[in-house]
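What follows is one structure encoded as structure tokens, with my remarks underneath.
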Amino acid sequence: MASNTNGGRTALITGGAGFIGSHLAESLLDKGYRVTIIDNLSTGRIENIAHLTENPSFHFAVDDITSDVVMDRLVSECDVIFHMAAAVGVQLIVNDPVHVIETNVLGTHAVLKAANRYRKKVLIASTSEIYGKSENVPFGEDDDRLLGPTTKARWSYSTSKAVDEFLGLAYHQQLGLPIVIFRLFNTVGPRQTGQYGMVVPRFAQQAIDGDPITVYGDGKQTRCFCDVRDTVRAIVALSESQDAIGRVFNIGSTEEISITDLAKLVLRQAGRSTDMTKESIRFVPYELAYGSDFEDMRRRVPDTSRIQGALGWQPEFTLETTIGNVIASLRQRHAVASG
Ligand code: UDP
């Protein structure tokens, strides 16, 4: 596979069959890139990219990013790498921390080693979990981090991604490799699965099924949810910006909403009653959801002035629109599955 034929650039997306990776693949193809994805389908799904497989500019390797021979070939053939492969999701982190730590740390190490061999630019997906339980919102990229003890599994994810960031920045500073790091705050849209804990697809599924929405804790904790289309637009723009190299960027919405209000919004968008009866909303203690040693963040809000200043980026989609899209796409999937 020669790069730069037809004037197009070749992007390699690790974790390209995942929720965000698959939207990124779609967007890059639309922009005229050739896109190769590598995904071991541990959390990614073939259905996420089924609609792309007919496209002659799209290639798919079902493999692990730690398999040196495959990565060596794919990296040698691409112009830019989007490293999206990671083990994410609070449920997964709590249930299988060995897998999470090994995937994130060893996977990123493998990608950077291969990238450095061919001197290829790498965009590394990181996370708002980096900030831990700091209450100093909004979180700026250079802010201090506040993490719980190593005996609480949740913090292993934050730490594993911090190692990824340190390693990426070290490859840049010490070896001159072009690296960009972006920290994704809560991102939502069609194809996200609730299987690993993510709140919006779980609420949307419960709303469609006529089940009560399960709000963990008191529901007063807040998050900001960014539409995956806005997220992907930011990632692509960062990849094309010379000024972004060697820097860290937050990507997220700054529209803060409590989880109880999110539950009501999902119910409303699904055409269900938003009264606070237990048929509509059920409050579940954290211990029942995640076990006794779980710590949640009360608020999580990004400071997005850096990416706004560098690229003029800001989100365009409202949360209402995004939730409406998520519900419509779930209903469509059900109709196809049962039709
Ligand atoms: N949450 C909830 N019900 C669920 C799943 C999650 O109330 O069925 C809560 C969760 O405790 C957290 C928020 O929703 O306070 C966002 O959870 P998610 O796992 O999506 O993201 P993160 O905690 O990483 O921001």
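Counting starts at 1 for both ligands and their atoms, following the listed order.
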Report task. Return yes when Arg282 approaches ligand 1 closer than 4.0 angstrom through a heavy atom, no otherwise. Result -> no

Query raised in the report: Are any of the side-chain heavy atoms of Arg247 and Arg306 separated by less than 4.5 Å?
Result: yes

Report summary line: Nearest non-hydrogen protein atom to atom 19 (O) of ligand 1, with distance, is Gly197 O, 3.5 Å

Query - Asn48 vs Ser22, side-chain hydrogen bond (donor to acceptor under 3.5 Å, both in side chains): CA-CA, chis, key distance, verdict - result: CA-CA 6 Å; Asn48 288 347; Ser22 65; 4.5 Å; no

Query raised in the report: What do you reckon, is NZ of Lys152 surrounded by more than 12 foreign heavy atoms closer than 6.0 Å?
Result: yes

Query raised in the report: Between the side chains of Tyr171 and Asn116, is a donor N or O closer than 3.5 angstrom to an acceptor N or O?
Result: no

Query raised in the report: Are Arg183 and Phe139 in a cation-pi setup, meaning NZ or CZ lies under 6.0 angstrom from the ring centre and within 45 degrees of the ring axis?
Result: no

Query raised in the report: In terms of atom number and element, which parts of ligand 1 are under 4.0 angstrom from non-hydrogen atoms of Gln221?
Result: 11 (O), 15 (O)

**Report entry** Per-atom contacts, ligand 1 versus Glu129 - under 4.0 Å to a heavy atom
**Finding:** 24 (O)

Query raised in the report: Under the criterion salt bridge (Lys or Arg N to Asp or Glu O under 4.0 Å), which of Lys133, Lys220, Arg154 is the partner of Asp296?
Result: Arg154

Report task. Would you indicate which of Val188, Val88, Asn186, Val199 comes nearest to atom 21 (O) of ligand 1 when only heavy atoms are counted? Result -> Asn186

Requested in this report: Evaluate the ring planes of Tyr290 and Phe294, with Trp represented by its six-membered ring, and classify them as parallel (under 30°), tilted (30 to 60°) or perpendicular (over 60°).
Outcome: tilted

Query raised in the report: Taking non-hydrogen atoms only, is Gln91 closer than 4.0 angstrom to ligand 1 via side chain, backbone, both or neither?
Result: neither

Query raised in the report: Evaluating non-hydrogen atoms only, which member of Arg223, Gln192, Met297 is closest to atom 23 (O) of ligand 1?
Result: Arg223

Report task. Provide, to 0.1 Å, the distance between atom 15 (O) of ligand 1 and the closest protein heavy atom, together with that atom's residue and name. Result -> Asp296 OD2, 2.7 Å

Report task. Report, in ascending order of atom number, the atoms of ligand 1 lying under 4.0 Å from any heavy atom of Met198. Result -> 20 (O)

Requested in this report: Considering only non-hydrogen protein atoms, determine which one is nearest to atom 8 (O) of ligand 1 and report residue, atom name and distance to 0.1 Å.
Outcome: Arg202 NE, 2.8 Å

Report task. Could you check if a side-chain atom of Thr53 sits within less than 4.5 angstrom of a side-chain atom of Phe58, using non-hydrogen atoms only? Result -> yes

**Report entry** Side-chain donor-acceptor pair present, Asp243, Ser241, cut-off under 3.5 Å
**Finding:** no

Query raised in the report: Between Thr214 and ligand 1, which residue portion shows a heavy-atom distance shorter than 4.0 Å: side chain, backbone, both, or neither?
Result: both

Report task. Identify the protein heavy atom lying closest to atom 22 (P) of ligand 1, giving its residue, its atom name and the separation to 0.1 Å. Result -> Arg300 NH1, 3.4 Å

**Report entry** Ligand-side contact atoms (ligand 1) for residue partner Val215, heavy atom cut-off under 4.0 Å
**Finding:** 7 (O)

Report summary line: Tyr286 heavy atoms within 4.0 Å reach ligand 1 at atoms 11 (O)

Requested in this report: Kindly indicate whether the side chain of Gln221, heavy atoms from C-beta on, has any atom under 4.5 Å from the side chain of Arg300.
Outcome: no

Report summary line: atom 7 (O) of ligand 1 has as its nearest protein heavy atom Tyr216 N, 2.7 Å

**Report entry** atom 13 (C) of ligand 1: nearest protein contact (heavy atom, Å)
**Finding:** Ile259 CD1, 3.6 Å

